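Remarks on the structure that follows.
Bear in mind the structure is a predicted one, so any value in this text is a computation, not a measurement. Sequence lines set the chain letters: A, B, ... in the order given, protein chains first and strands last, and positions in each chain run from 1.
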Amino acid sequence: MNVVLFDTLKLPVEGLNKTTHGYSTNTVTLEILKNEHPIIDMIINYRELSKLKSTYVDALPELVNPATGRVHTSYNQTGSATGRFSSSNPNLQNIPIRTELGREVRRAFVAPDGYVFLAVDYSQIELRVMAHISQDATLIDAFKRDLDIHQATAATVHGIDPADVTYEQRSFAKRVNFGLMYGMGAFRLARDSDLTLAEAEGFIKTYFERMPGVEQYIKQTKAFVWEHGYTETLYGRRRDYPAIKVGQKSRSTASEERAAINMPIQGTAADILKQSMLNLYTRLNQESFDAAMTLQVHDELLLEVKEDQIHDVKALVVETMESALPDGKPLLVPLKANASYGKNWRDMEDMD
DNA sequence: AACTAGGCT
DNA sequence: GTATAAGCCTAGTTG
(Lines give C-alpha, C1' and ligand atoms only; values in the text may rest on other atoms or scores of the structure.)
Protein backbone atom coordinates (compact mmCIF):
# COMPACT_ATOMS: atom_id res chain seq x y z
CA MET A 1 0.00 0.00 0.00
CA ASN A 2 2.82 2.41 0.87
CA VAL A 3 4.54 1.58 -2.41
CA VAL A 4 1.45 2.29 -4.50
CA LEU A 5 0.47 5.50 -2.74
CA PHE A 6 3.81 7.10 -2.01
CA ASP A 7 6.20 5.65 -4.63
CA THR A 8 4.07 4.95 -7.69
CA LEU A 9 1.50 7.75 -7.23
CA LYS A 10 3.89 10.00 -5.30
CA LEU A 11 1.19 11.30 -2.97
CA PRO A 12 2.41 13.85 -0.39
CA VAL A 13 3.45 12.32 2.94
CA GLU A 14 3.58 15.58 4.84
CA GLY A 15 1.77 15.38 8.17
CA LEU A 16 0.74 11.74 7.79
CA ASN A 17 0.72 9.40 10.77
CA LYS A 18 3.57 6.93 10.82
CA THR A 19 3.73 3.25 11.65
CA THR A 20 6.82 1.24 12.56
CA HIS A 21 7.56 0.53 8.92
CA GLY A 22 6.16 3.43 6.95
CA TYR A 23 3.19 5.74 6.65
CA SER A 24 -0.18 4.79 8.02
CA THR A 25 -2.90 4.12 5.52
CA ASN A 26 -5.75 3.87 7.99
CA THR A 27 -8.96 5.72 7.20
CA VAL A 28 -8.18 8.70 9.41
CA THR A 29 -4.90 9.18 7.54
CA LEU A 30 -6.37 8.51 4.11
CA GLU A 31 -8.95 11.26 4.71
CA ILE A 32 -6.06 13.73 4.60
CA LEU A 33 -5.25 12.54 1.06
CA LYS A 34 -8.83 12.58 -0.17
CA ASN A 35 -8.38 15.43 -2.62
CA GLU A 36 -5.02 14.21 -3.91
CA HIS A 37 -6.25 11.27 -5.98
CA PRO A 38 -9.57 9.58 -6.78
CA ILE A 39 -8.18 6.22 -5.65
CA ILE A 40 -8.33 7.32 -1.99
CA ASP A 41 -12.11 7.27 -1.80
CA MET A 42 -12.12 3.95 -3.60
CA ILE A 43 -9.71 2.47 -1.08
CA ILE A 44 -11.76 3.72 1.87
CA ASN A 45 -14.90 2.27 0.33
CA TYR A 46 -13.21 -1.04 -0.51
CA ARG A 47 -11.91 -1.34 3.03
CA GLU A 48 -15.42 -1.03 4.48
CA LEU A 49 -16.80 -3.64 2.10
CA SER A 50 -13.97 -6.13 2.59
CA LYS A 51 -14.15 -5.77 6.38
CA LEU A 52 -17.86 -6.53 6.36
CA LYS A 53 -17.46 -9.43 3.94
CA SER A 54 -14.51 -11.19 5.54
CA THR A 55 -15.32 -10.67 9.21
CA TYR A 56 -19.09 -11.05 9.14
CA VAL A 57 -20.77 -12.09 5.89
CA ASP A 58 -18.36 -14.90 5.05
CA ALA A 59 -17.40 -15.91 8.58
CA LEU A 60 -20.67 -16.06 10.51
CA PRO A 61 -22.48 -18.70 8.41
CA GLU A 62 -19.47 -21.01 8.83
CA LEU A 63 -19.92 -20.82 12.59
CA VAL A 64 -23.53 -21.96 12.68
CA ASN A 65 -23.71 -25.06 14.85
CA PRO A 66 -25.44 -27.79 12.81
CA ALA A 67 -27.01 -29.25 15.96
CA THR A 68 -28.73 -26.04 16.99
CA GLY A 69 -28.83 -24.01 13.80
CA ARG A 70 -27.48 -21.09 15.76
CA VAL A 71 -24.15 -19.32 16.24
CA HIS A 72 -22.75 -19.76 19.73
CA THR A 73 -20.21 -17.24 20.94
CA SER A 74 -17.81 -17.91 23.78
CA TYR A 75 -17.82 -15.40 26.60
CA ASN A 76 -14.53 -14.99 28.38
CA GLN A 77 -15.28 -13.88 31.93
CA THR A 78 -11.67 -13.34 32.94
CA GLY A 79 -9.99 -12.01 29.83
CA SER A 80 -10.27 -8.27 30.27
CA ALA A 81 -8.30 -6.03 32.57
CA THR A 82 -11.29 -4.00 33.72
CA GLY A 83 -13.86 -6.70 34.47
CA ARG A 84 -15.70 -6.64 31.21
CA PHE A 85 -16.56 -9.83 29.36
CA SER A 86 -15.04 -10.47 26.01
CA SER A 87 -16.60 -12.52 23.23
CA SER A 88 -14.95 -14.71 20.60
CA ASN A 89 -15.53 -17.40 17.97
CA PRO A 90 -17.35 -15.36 16.85
CA ASN A 91 -17.12 -12.06 18.65
CA LEU A 92 -20.77 -11.04 18.96
CA GLN A 93 -19.91 -7.84 20.81
CA ASN A 94 -18.74 -6.12 17.64
CA ILE A 95 -21.53 -6.75 15.16
CA PRO A 96 -21.77 -3.64 12.93
CA ILE A 97 -24.29 -0.90 13.65
CA ARG A 98 -22.61 2.40 12.72
CA THR A 99 -23.04 2.42 8.94
CA GLU A 100 -26.23 1.61 7.08
CA LEU A 101 -24.58 -1.19 5.13
CA GLY A 102 -22.85 -2.70 8.13
CA ARG A 103 -26.08 -2.60 10.08
CA GLU A 104 -27.57 -4.95 7.50
CA VAL A 105 -25.52 -7.75 9.09
CA ARG A 106 -27.87 -7.57 12.07
CA ARG A 107 -30.74 -8.69 9.86
CA ALA A 108 -29.16 -12.15 9.94
CA PHE A 109 -29.86 -12.45 13.67
CA VAL A 110 -33.50 -13.49 13.90
CA ALA A 111 -35.53 -14.47 16.96
CA PRO A 112 -37.04 -17.99 16.91
CA ASP A 113 -40.65 -18.45 15.84
CA GLY A 114 -42.98 -17.10 18.50
CA TYR A 115 -40.21 -15.04 20.10
CA VAL A 116 -38.86 -11.52 19.75
CA PHE A 117 -35.58 -9.92 20.69
CA LEU A 118 -35.64 -7.52 23.61
CA ALA A 119 -32.65 -5.18 23.87
CA VAL A 120 -32.15 -3.14 27.03
CA ASP A 121 -29.17 -0.85 27.37
CA TYR A 122 -27.95 1.41 30.13
CA SER A 123 -28.12 5.09 29.28
CA GLN A 124 -24.74 6.80 29.81
CA ILE A 125 -23.72 4.34 32.49
CA GLU A 126 -20.04 5.27 32.49
CA LEU A 127 -20.78 8.98 32.87
CA ARG A 128 -23.20 8.18 35.69
CA VAL A 129 -20.50 6.13 37.38
CA MET A 130 -18.11 9.06 36.88
CA ALA A 131 -20.69 11.37 38.46
CA HIS A 132 -20.92 9.06 41.47
CA ILE A 133 -17.22 8.37 41.93
CA SER A 134 -16.13 11.97 41.34
CA GLN A 135 -19.07 13.37 43.32
CA ASP A 136 -19.07 16.23 40.86
CA ALA A 137 -22.00 18.46 41.80
CA THR A 138 -22.80 19.57 38.26
CA LEU A 139 -22.80 16.05 36.82
CA ILE A 140 -24.85 14.69 39.73
CA ASP A 141 -27.39 17.48 39.42
CA ALA A 142 -27.72 16.95 35.66
CA PHE A 143 -28.37 13.22 36.03
CA LYS A 144 -30.78 13.72 38.93
CA ARG A 145 -32.80 16.03 36.70
CA ASP A 146 -32.49 13.54 33.83
CA LEU A 147 -31.07 16.20 31.54
CA ASP A 148 -29.41 15.62 28.18
CA ILE A 149 -25.97 15.25 29.74
CA HIS A 150 -23.92 16.49 26.78
CA GLN A 151 -26.18 19.49 26.31
CA ALA A 152 -26.01 20.21 30.05
CA THR A 153 -22.22 20.05 30.20
CA ALA A 154 -21.97 22.25 27.09
CA ALA A 155 -24.24 24.79 28.77
CA THR A 156 -22.14 24.64 31.94
CA VAL A 157 -18.81 25.03 30.15
CA HIS A 158 -20.02 27.91 28.00
CA GLY A 159 -22.01 29.52 30.78
CA ILE A 160 -25.17 29.67 28.72
CA ASP A 161 -28.74 28.41 28.89
CA PRO A 162 -29.11 24.74 27.87
CA ALA A 163 -31.73 25.79 25.31
CA ASP A 164 -29.13 27.96 23.58
CA VAL A 165 -26.57 25.15 23.16
CA THR A 166 -25.83 24.60 19.48
CA TYR A 167 -25.46 21.23 17.80
CA GLU A 168 -21.72 21.82 17.48
CA GLN A 169 -21.36 22.75 21.13
CA ARG A 170 -23.22 19.62 22.19
CA SER A 171 -21.14 17.35 19.91
CA PHE A 172 -17.99 18.87 21.26
CA ALA A 173 -19.04 18.45 24.89
CA LYS A 174 -19.91 14.84 24.12
CA ARG A 175 -16.42 14.17 22.84
CA VAL A 176 -14.89 15.81 25.89
CA ASN A 177 -17.17 13.93 28.30
CA PHE A 178 -16.07 10.62 26.85
CA GLY A 179 -12.51 11.60 26.17
CA LEU A 180 -11.77 12.68 29.69
CA MET A 181 -12.86 9.31 31.03
CA TYR A 182 -10.08 7.82 28.91
CA GLY A 183 -7.50 10.41 29.94
CA MET A 184 -7.59 12.39 26.72
CA GLY A 185 -5.41 15.46 26.45
CA ALA A 186 -5.71 18.75 24.59
CA PHE A 187 -3.52 17.47 21.75
CA ARG A 188 -5.95 14.76 20.79
CA LEU A 189 -8.94 17.04 21.25
CA ALA A 190 -7.42 19.63 18.94
CA ARG A 191 -6.39 17.06 16.36
CA ASP A 192 -9.91 15.60 16.23
CA SER A 193 -11.67 18.94 16.03
CA ASP A 194 -11.45 22.36 14.45
CA LEU A 195 -9.81 23.87 17.51
CA THR A 196 -6.20 24.95 17.76
CA LEU A 197 -4.13 23.38 20.50
CA ALA A 198 -4.47 26.56 22.59
CA GLU A 199 -8.25 26.59 22.15
CA ALA A 200 -8.51 22.94 23.12
CA GLU A 201 -6.40 23.58 26.20
CA GLY A 202 -8.69 26.48 27.08
CA PHE A 203 -11.78 24.36 26.66
CA ILE A 204 -10.50 21.60 28.94
CA LYS A 205 -9.37 24.17 31.50
CA THR A 206 -12.84 25.70 31.57
CA TYR A 207 -14.41 22.24 31.72
CA PHE A 208 -12.38 21.37 34.80
CA GLU A 209 -13.14 24.73 36.41
CA ARG A 210 -16.85 24.16 36.02
CA MET A 211 -16.67 20.45 36.88
CA PRO A 212 -13.99 20.34 39.55
CA GLY A 213 -15.06 16.93 40.79
CA VAL A 214 -13.96 15.36 37.52
CA GLU A 215 -10.57 17.05 37.61
CA GLN A 216 -10.16 15.99 41.22
CA TYR A 217 -11.01 12.39 40.37
CA ILE A 218 -8.29 12.32 37.72
CA LYS A 219 -5.72 13.91 40.04
CA GLN A 220 -6.59 11.71 42.99
CA THR A 221 -6.58 8.56 40.89
CA LYS A 222 -3.12 9.34 39.52
CA ALA A 223 -1.85 9.94 43.05
CA PHE A 224 -3.50 6.75 44.29
CA VAL A 225 -2.06 4.53 41.58
CA TRP A 226 1.46 5.91 42.12
CA GLU A 227 1.15 5.20 45.83
CA HIS A 228 -0.51 1.77 45.69
CA GLY A 229 0.19 0.39 42.21
CA TYR A 230 -3.43 -0.52 41.59
CA THR A 231 -6.90 0.97 41.17
CA GLU A 232 -10.24 -0.65 41.92
CA THR A 233 -13.91 -0.43 41.12
CA LEU A 234 -16.60 0.69 43.55
CA TYR A 235 -17.07 -2.93 44.45
CA GLY A 236 -13.43 -3.85 44.95
CA ARG A 237 -12.33 -5.30 41.63
CA ARG A 238 -8.63 -4.49 41.26
CA ARG A 239 -6.23 -3.92 38.42
CA ASP A 240 -2.46 -3.70 38.85
CA TYR A 241 -0.16 -1.42 36.88
CA PRO A 242 3.25 -3.12 36.64
CA ALA A 243 5.13 -0.24 35.05
CA ILE A 244 3.90 2.16 37.73
CA LYS A 245 4.70 -0.40 40.43
CA VAL A 246 8.34 -0.19 39.43
CA GLY A 247 8.05 3.36 40.68
CA GLN A 248 9.89 5.03 37.82
CA LYS A 249 8.43 7.23 35.13
CA SER A 250 8.79 5.53 31.79
CA ARG A 251 7.17 5.37 28.42
CA SER A 252 4.59 2.90 29.73
CA THR A 253 3.58 4.76 32.85
CA ALA A 254 1.75 7.51 30.99
CA SER A 255 -0.36 4.87 29.30
CA GLU A 256 -0.94 3.07 32.60
CA GLU A 257 -2.02 6.33 34.23
CA ARG A 258 -4.77 6.66 31.66
CA ALA A 259 -5.77 3.04 32.12
CA ALA A 260 -5.83 3.61 35.88
CA ILE A 261 -8.19 6.56 35.41
CA ASN A 262 -10.49 4.57 33.16
CA MET A 263 -10.57 1.23 34.98
CA PRO A 264 -12.70 2.21 37.99
CA ILE A 265 -15.24 3.77 35.65
CA GLN A 266 -15.40 1.06 33.00
CA GLY A 267 -15.00 -1.68 35.63
CA THR A 268 -17.74 -0.39 37.92
CA ALA A 269 -20.09 -0.22 34.94
CA ALA A 270 -19.15 -3.85 34.18
CA ASP A 271 -19.75 -4.85 37.80
CA ILE A 272 -23.20 -3.26 37.73
CA LEU A 273 -24.26 -5.02 34.54
CA LYS A 274 -22.96 -8.35 35.87
CA GLN A 275 -24.96 -7.91 39.07
CA SER A 276 -28.05 -7.08 37.06
CA MET A 277 -27.54 -10.27 35.01
CA LEU A 278 -27.47 -12.33 38.20
CA ASN A 279 -30.57 -10.63 39.56
CA LEU A 280 -32.35 -10.94 36.25
CA TYR A 281 -31.58 -14.65 35.90
CA THR A 282 -33.14 -15.28 39.31
CA ARG A 283 -36.21 -13.16 38.68
CA LEU A 284 -36.94 -14.56 35.22
CA ASN A 285 -36.98 -18.04 36.75
CA GLN A 286 -38.98 -17.03 39.81
CA GLU A 287 -41.70 -15.58 37.65
CA SER A 288 -41.50 -18.44 35.13
CA PHE A 289 -41.10 -16.14 32.15
CA ASP A 290 -40.34 -17.70 28.79
CA ALA A 291 -37.33 -15.47 28.24
CA ALA A 292 -33.60 -16.03 27.99
CA MET A 293 -30.56 -13.79 28.10
CA THR A 294 -28.80 -14.30 24.79
CA LEU A 295 -26.11 -11.64 24.47
CA GLN A 296 -24.28 -9.12 26.63
CA VAL A 297 -22.61 -6.16 24.94
CA HIS A 298 -20.94 -4.22 27.78
CA ASP A 299 -23.87 -1.94 28.62
CA GLU A 300 -26.66 -3.89 26.96
CA LEU A 301 -28.52 -7.19 27.28
CA LEU A 302 -30.25 -8.92 24.40
CA LEU A 303 -32.96 -11.41 25.34
CA GLU A 304 -35.24 -13.74 23.44
CA VAL A 305 -38.74 -13.35 24.82
CA LYS A 306 -42.02 -15.16 24.11
CA GLU A 307 -43.99 -12.67 22.04
CA ASP A 308 -46.97 -12.27 24.37
CA GLN A 309 -44.70 -11.64 27.38
CA ILE A 310 -42.69 -8.83 25.84
CA HIS A 311 -44.19 -5.99 27.87
CA ASP A 312 -43.99 -7.79 31.21
CA VAL A 313 -40.44 -8.96 30.62
CA LYS A 314 -39.41 -5.51 29.42
CA ALA A 315 -40.70 -3.99 32.66
CA LEU A 316 -38.82 -6.61 34.69
CA VAL A 317 -35.54 -6.18 32.83
CA VAL A 318 -35.62 -2.38 33.01
CA GLU A 319 -36.49 -2.45 36.70
CA THR A 320 -33.78 -5.01 37.41
CA MET A 321 -31.09 -3.08 35.56
CA GLU A 322 -32.04 0.26 37.07
CA SER A 323 -31.87 -1.18 40.60
CA ALA A 324 -28.81 -3.40 40.16
CA LEU A 325 -26.46 -2.14 42.81
CA PRO A 326 -23.96 -4.65 44.15
CA ASP A 327 -23.74 -4.45 47.95
CA GLY A 328 -27.05 -2.62 47.89
CA LYS A 329 -25.20 0.68 47.98
CA PRO A 330 -27.12 3.13 45.83
CA LEU A 331 -25.27 5.48 43.51
CA LEU A 332 -25.61 9.23 43.96
CA VAL A 333 -27.37 9.31 40.59
CA PRO A 334 -30.15 7.16 39.17
CA LEU A 335 -29.42 4.44 36.64
CA LYS A 336 -31.51 4.53 33.51
CA ALA A 337 -32.19 1.75 30.99
CA ASN A 338 -33.86 1.95 27.59
CA ALA A 339 -35.63 -0.92 25.82
CA SER A 340 -36.34 -1.83 22.23
CA TYR A 341 -37.71 -4.97 20.60
CA GLY A 342 -37.96 -6.60 17.18
CA LYS A 343 -38.03 -9.80 15.15
CA ASN A 344 -34.45 -9.27 14.05
CA TRP A 345 -31.48 -7.43 15.49
CA ARG A 346 -31.56 -4.66 12.90
CA ASP A 347 -35.19 -3.62 12.96
CA MET A 348 -35.59 -2.80 16.63
CA GLU A 349 -38.33 -0.43 17.82
CA ASP A 350 -38.08 1.70 20.94
CA MET A 351 -40.49 0.86 23.74
CA ASP A 352 -42.36 3.46 25.80
C1' DA B 1 4.49 -14.07 14.94
C1' DA B 2 4.19 -9.29 14.39
C1' DC B 3 2.03 -5.63 12.38
C1' DT B 4 -1.81 -2.98 10.48
C1' DA B 5 -6.43 -2.00 10.06
C1' DG B 6 -11.14 -1.75 11.58
C1' DG B 7 -15.55 -3.68 13.77
C1' DC B 8 -17.98 -2.79 18.67
C1' DT B 9 -18.91 -0.42 23.72
C1' DG C 1 12.13 17.21 24.09
C1' DT C 2 8.42 13.47 23.01
C1' DA C 3 3.99 11.56 22.77
C1' DT C 4 -0.50 12.38 23.20
C1' DA C 5 -8.07 8.45 24.74
C1' DA C 6 -10.04 3.08 27.64
C1' DG C 7 -11.27 -2.00 26.71
C1' DC C 8 -11.76 -5.96 23.39
C1' DC C 9 -11.45 -9.71 18.69
C1' DT C 10 -10.64 -10.91 13.76
C1' DA C 11 -8.82 -10.69 9.12
C1' DG C 12 -5.23 -9.86 5.83
C1' DT C 13 -0.46 -8.89 5.07
C1' DT C 14 4.40 -9.20 5.82
C1' DG C 15 4.08 -1.97 5.98
Side-chain angles (χ1 to χ4, degrees), chain A residues 1-7 16-30 43-44 46-60 62-63 73-99 101-103 105-106 121-127 129-130 175-192 197 200-201 204 218 221 231 239 241 249-270 273 295-301 345:
Chain A
M1 189 63 80
N2 266 248
V3 172
V4 172
L5 296 183
F6 309 119
D7 295 343
L16 299 187
N17 301 316
K18 287 184 175 171
T19 67
T20 14
H21 299 282
Y23 294 101
S24 174
T25 65
N26 65 25
T27 301
V28 171
T29 306
L30 288 179
I43 292 170
I44 292 171
Y46 174 84
R47 288 257 183 87
E48 182 190 355
L49 298 181
S50 65
K51 177 71 179 184
L52 294 175
K53 182 171 189 294
S54 66
T55 306
Y56 305 103
V57 178
D58 290 342
L60 287 173
E62 298 298 313
L63 292 164
T73 185
S74 297
Y75 281 109
N76 188 343
Q77 302 198 50
T78 58
S80 88
T82 58
R84 279 185 172 187
F85 288 168
S86 71
S87 160
S88 59
N89 292 305
N91 181 356
L92 294 185
Q93 292 179 321
N94 75 341
I95 301 303
I97 192 170
R98 201 182 76 254
T99 68
L101 187 67
R103 200 181 178 119
V105 171
R106 295 190 171 221
D121 70 290
Y122 277 118
S123 166
Q124 311 286 7
I125 186 166
E126 292 198 357
L127 271 173
V129 169
M130 173 64 99
R175 263 211 296 251
V176 176
N177 277 334
F178 283 119
L180 292 177
M181 288 191 298
Y182 302 144
M184 181 181 63
F187 181 92
R188 174 72 183 260
L189 185 61
R191 198 192 68 190
D192 292 1
L197 184 57
E201 282 167 351
I204 291 177
I218 292 171
T221 304
T231 56
R239 175 177 181 178
Y241 303 92
K249 297 245 181 197
S250 73
R251 180 200 291 266
S252 344
T253 54
S255 164
E256 289 195 342
E257 277 186 352
R258 294 192 295 272
I261 291 164
N262 178 258
M263 184 271 175
I265 308 294
Q266 187 183 119
T268 297
L273 182 53
L295 293 178
Q296 189 259 39
V297 194
H298 309 306
D299 66 354
E300 167 183 4
L301 297 177
W345 202 10

**Message:** Roughly how many Å apart are C:dT4 and B:dT4, using the P atom of each and rounding to a whole number?
**Reply:**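 My reading of the P atoms in B:dT4 and C:dT4 gives 13 Å.
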**Message:** Less than 4.0 angstrom between a side-chain N/O of A:R188 and OP1 or OP2 of C:dA5, yes or no?
**Reply:** yes
Rounded distance (Å) that lies between atom [atom2] of [N] and atom [atom1] of [X]:
X: A:R191; N: C:dA5; atom1: CZ; atom2: P; result: 7 Å
X: A:E62; N: C:dT10; atom1: CD; atom2: C1'; result: 15 Å
X: A:F85; N: C:dC8; atom1: CZ; atom2: P; result: 14 Å
X: A:K18; N: C:dT2; atom1: NZ; atom2: C1'; result: 14 Å
X: A:E256; N: C:dA6; atom1: CD; atom2: C1'; result: 13 Å
X: A:I265; N: C:dG7; atom1: CD1; atom2: P; result: 14 Å
X: A:M184; N: C:dG7; atom1: CE; atom2: C1'; result: 17 Å
X: A:Y75; N: C:dC8; atom1: OH; atom2: P; result: 16 Å

**Request:** Work out which heavy atom in A:T55 is nearest to a heavy atom in A:A59; give both atom names and the distance.
**Result:**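 Heavy atoms of A:T55 and A:A59 come nearest at O-CB, 3.4 Å.
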**Nearest non-hydrogen partners of A:A269 and A:I125, listed with the distance** =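 So the two residues come closest at CB-CG2, 4.0 Å.
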Looking at [Y], is its backbone amide N or carbonyl O close enough to the side chain of [X] to form a donor-acceptor pair, meaning the two atoms are under 3.5 Å apart?
X: A:T29; Y: A:T25; answer: no
X: A:S24; Y: A:K18; answer: no
X: A:E256; Y: A:R258; answer: no

Heavy atoms under 4.0 Å, any strand shown: does [X] hit a base, just sugar-phosphate, or nothing?
X: A:G185; value: sugar-phosphate
X: A:G79; value: sugar-phosphate
X: A:A186; value: nothing
X: A:R103; value: nothing
X: A:N76; value: nothing

**Prompt:** Hey, does the side-chain of A:N262 have a donor or acceptor N/O within less than 3.5 Å of a partner on the base of C:dA5?
**Reply:** no
**Asked** By side-chain hydrogen bond (donor to acceptor under 3.5 Å, both in side chains), which residues pair with A:Y23, not counting sequence neighbours?
**Response** none
**Complete:** Contacts of A:F85 meeting ring pair (Phe, Tyr, Trp, His ring centres under 6.0 Å) (sequence neighbours excluded), chain-then-number -> A:Y75
**Message:** Strictly under 4.0 angstrom, non-hydrogen atoms only: write out the protein contact profile of nucleotides 2-9 of chain B, one letter per nucleotide from the 5' end, B, S or -.
**Reply:** -SSSBBSB
